[in-house]
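Please read all numbers here as calculations on a predicted model, not as lab measurements. By convention in this document, chain letters (A, B, ...) are assigned in the order of the sequence lines, proteins followed by strands, and residues within each chain are numbered from 1.
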2 protein chains.
Amino acid sequence: MKARVHIMLKNGVLDPQGEAVRHALGTLGFDGVHGVRQGKVIELDLADGTTEATVKDMCEKLLANTVIESYTIELA
Amino acid sequence: MKARVHIMLKNGVLDPQGEAVRHALGTLGFDGVHGVRQGKVIELDLADGTTEATVKDMCEKLLANTVIESYTIELA
């Protein structure tokens with residue numbers, strides 16, 4: 001089975017990488033880009049029967065820094 | 001309007017970051033992790049009426065390195 005985890009900086013946490021992308025898009029002539037946030041996506045190929053609770057545990061222990069990052073889990 | 005772009009390394013391109021995560025999960029006692037791929041997600045806050053073609057243009061010109069990365073676009 002597959003799981004996909006999205007990890008984004010929490011709202012209010014400064015995202016310099018996203019800000020750099022926003023600025024670069026403006027430089028390239030793309031108008032109307034009001035904001036950019038950049039995060040990570042991690043695709044996990046897991047043994048069948050792995051529960052969402054296990055994936056949550058992985059996020060809490062390794063994948064996300066829960067002080068500044070939030071995560072969402074999609075199982076497929 | 002919002003757009004979300006997923007950027008992943010193409011299949012066959014070595015992903016050392018994902019491999020490091022896979023190894024670390026094993027070290028932490030999570031068994032049954034067969035593979036991990038790590039990519040980027042970029043959330044764009046765009047002016048209303050921006051077309052998918054414009055977002056695709058952003059991907060081709062800046063966001064993705066299309067030699068080694070593939071991207072998918074979700075508009076919301």
Side-chain angles (χ1 to χ4, degrees), chain A residues 1-11 13 15-65 69-74 76, chain B residues 1-11 13 15-65 69-74 76:
Chain A
M1 61 176 288
K2 302 265 186 185
R4 178 183 265 195
V5 178
H6 283 107
I7 300 166
M8 300 295 295
L9 286 168
K10 287 180 179 171
N11 286 331
V13 178
D15 179 1
Q17 209 172 2
E19 196 54 31
V21 170
R22 193 189 61 76
H23 184 258
L25 286 171
T27 306
L28 287 172
F30 292 105
D31 298 325
V33 181
H34 301 312
V36 178
R37 304 283 286 174
Q38 181 163 340
K40 288 182 284 191
V41 56
I42 299 176
E43 288 183 358
L44 301 154
D45 185 8
L46 299 166
D48 286 343
T50 307
T51 60
E52 183 161 347
T54 306
V55 180
K56 193 168 177 223
D57 212 22
M58 291 178 189
C59 291
E60 296 282 339
K61 284 191 179 155
L62 180 74
L63 303 180
N65 174 355
E69 292 172 328
S70 59
Y71 59 87
T72 53
I73 297 168
E74 286 167 36
Chain B
M1 61 176 287
K2 303 265 188 189
R4 179 183 264 193
V5 178
H6 284 105
I7 300 165
M8 300 297 293
L9 286 168
K10 287 180 180 172
N11 286 331
V13 178
D15 179 3
Q17 207 172 5
E19 197 52 31
V21 170
R22 193 189 62 75
H23 184 258
L25 286 170
T27 306
L28 287 172
F30 293 104
D31 297 324
V33 181
H34 302 311
V36 178
R37 303 284 285 176
Q38 182 164 339
K40 289 180 284 189
V41 55
I42 299 177
E43 288 183 358
L44 300 155
D45 185 8
L46 299 166
D48 287 342
T50 307
T51 60
E52 183 162 348
T54 306
V55 180
K56 192 167 177 225
D57 212 23
M58 292 177 188
C59 291
E60 296 282 339
K61 285 192 179 154
L62 180 74
L63 303 180
N65 176 354
E69 293 171 328
S70 60
Y71 59 87
T72 54
I73 297 168
E74 286 167 37

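- Distance check: H6(A) NE2 to R4(B) CZ gives 4.5 Å after rounding to the nearest 0.5 Å.
- Of the atoms belonging to L25(A), heavy atoms from both backbone and side chain fall under 4.5 Å from chain B.
- For K61(B) against F30(A), the heavy-atom pair with the smallest separation is CD-CZ, 4.3 Å.
- Within 6.0 Å of the NZ atom in K2(B), the count of heavy atoms belonging to other residues, nucleotides or ligands does not exceed 12.
- The greatest number of non-hydrogen atom pairs below 4.5 Å with chain B, out of V21(A), T50(A), D57(A), T54(A), is found for D57(A).
- With chain A as the partner, the residue from D45(B), I7(B), L28(B) showing the most heavy-atom pairs under 4.5 Å is D45(B).
- Surrounding CD of E69(B) are more than 12 heavy atoms belonging to other residues, nucleotides or ligands, all under 6.0 Å away.
- Contact count against chain A (heavy-atom pairs under 4.5 Å) is highest for L44(B) among V5(B), D48(B), L44(B).
- Residues of residues 31-41 of chain B lying under 4.5 angstrom from chain A, judged on non-hydrogen atoms, are G32(B), V33(B), H34(B), G35(B), V36(B), R37(B), Q38(B), G39(B), K40(B), V41(B) by number.
- Other residues, nucleotides and ligands contribute at most 12 non-hydrogen atoms within 6.0 Å of the NZ atom of K56(A).
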